[in-house]
2 protein chains.
Amino acid sequence: MTQPSNSLHIENKPLRERVLDVLREAIVSGEFKPGQPLVEMDIAAQLGISRAPLREALQFLSHEGLVEVTPYRGTVVKPLTRTDIEELYSLRSVLETFALQRIIAQNQPENVAQLRQCYEEMLAAAQVGDLKLVNNIDRQFHDLLIDLSQHGLLTATWNTVSLRVRQVMALRNRKNRDITQIAYNHLPIIEAIGQADEPLATRLIQEHISSSGDLIAELWDDVPPEDGQS
Amino acid sequence: MTQPSNSLHIENKPLRERVLDVLREAIVSGEFKPGQPLVEMDIAAQLGISRAPLREALQFLSHEGLVEVTPYRGTVVKPLTRTDIEELYSLRSVLETFALQRIIAQNQPENVAQLRQCYEEMLAAAQVGDLKLVNNIDRQFHDLLIDLSQHGLLTATWNTVSLRVRQVMALRNRKNRDITQIAYNHLPIIEAIGQADEPLATRLIQEHISSSGDLIAELWDDVPPEDGQS
DNA sequence: CGATTGTCAATTGTCGACAATCGACAAATT
DNA sequence: AATTTGTCGATTGTCGACAATTGACAATCG
């Protein structure tokens, strides 16, 4: 996340990590649907690798909560229940609130500037109507919030939560109302941080997150996509 | 954690999980010191198994933050810096506060009763002077707090944090002051929950945790045990 | 002598093959 | 016919061997 961007560097990650990236992206993007079984032999053949690194990647994914491994039974993409989503967003709210409080405590104008710049980009994208870009920047915004908190363990925890949030957002049928409104919603939070008004910032971020979380959870069909067999 | 305790059940976990338990216990108990390298061949030979399940167990541990895997370089027990400890306890405080708020929101007397019972046992152990037992029950108390919050994702997050807390407690030279005082400290928290006094309970739990965290962090020698090579 | 380059041992990464386990279905027994 | 028992195919779990990569040290060159 804080790559020094040293130019001239070829990727030589172990196979398991590249496999991990591919599978994670497939799940988080919704390409692999919740409940879908992941048969090791098939995937290994499909990727043209052996099962060893694949298995290690699957272990990783199970720790990230994206898949469920049942010994001797197999691996499936973890089903997403409504309760899961509620838990996801409630914990997310807690983590972001914590990050926000730390940022305010640091009281560094540079931080606010970064957040504000992120906001500007989001607004610009919204005004052009680029929904996908808005969502990406929105994600960047919240990642940045965590990153600025300077808390490694929080960041690590956030990363696993964030993945599943992405998955949820990829799977729901986007009820995207006013796109620019999405961007506008972030401004008060930034301002509250800038004024070091912790109670206000806390209230705003919690409303911001839980409102979107509730919206998604309410509309969630449990067990929505019976996989294409039946 | 919520085992139905069906009698008559032989353990048939995959090898990797048994290995995982063994290694985790070794690290968390302080038997494996931070920074200590974990050479796959050696450990596999020592356990009389092949490297495949061992590697999968090591992957697990790296996700739990107990070891650090560097590709092609090897695995070491993750060093514990003072910053790590501060982060650990601050996040712990956040998580427990969240759990506590949820418990209060549930408003079920049964929960308070369970906590109180846990407290009674701790007090009894303290009065007998059984430090080890007090620590175990203390851990149970905080696990129970999380468990009662009825939040699966929180519980999962807690478990990884909790492991490292155990590790820290195993590694420090116990400055155990008044043992009974440790037990007494928990009572006000329980009472605050019983009276649904959220602000008070929140304040108490945060003081409870951060005080012990600060105490440990202050006394922490960074890079303490140069392994016996020099 | 300092810096660069080549070589090597140690360790991890990957593979293919074999063993163990599970659920489901068939067969047998009452 | 219902229940138990046996068998089977599919899939995961484990193993041992081989390939790839790293850092350290030695050899070479200026």
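Source: prediction; values computed, not measured. Order of the sequence lines fixes the chain letters, A, B, ..., with proteins taken first and strands second; residue numbering starts at 1 for each chain.
- Taking 4.5 Å as the limit, some side-chain heavy atom of B:Leu88 sits within range of a side-chain heavy atom of B:Val165.
- Side-chain atoms of B:Val76 and B:Thr70, non-hydrogen and from C-beta on, never get closer than 4.5 Å to each other.
- Using a 4.0 Å cut-off between charged side-chain N and carboxylate O, A:Arg24 and A:Asp21 make a salt bridge.
- Counting only heavy atoms from C-beta outward, the side chains of A:His63 and A:Thr160 never approach each other to under 4.5 Å.
- Between the side chain of B:Ser93 and the backbone N or O of B:Tyr89, no donor-acceptor pair lies under 3.5 Å.
- An end-to-end axis angle of 0° holds for the helix from C:dC1-D:dG30 to C:dT30-D:dA1, taken from five base pairs per end and rounded to 10°.
- The pair B:Arg116-B:Glu120 does not count as a salt bridge, with every side-chain nitrogen at least 4.0 angstrom from each carboxylate oxygen.
- Ion pair B:Glu64/B:Lys78 not flagged as a salt bridge, since none of the NZ, NE, NH1 or NH2 atoms sits closer than 4.0 Å to an Asp/Glu carboxylate oxygen.
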- Query: Where along nucleotides 11-16 of chain C does protein come under 4.0 Å, by heavy atom, of base (B) or sugar-phosphate alone (S), with - for untouched nucleotides?
  - Reply: -BBBB-
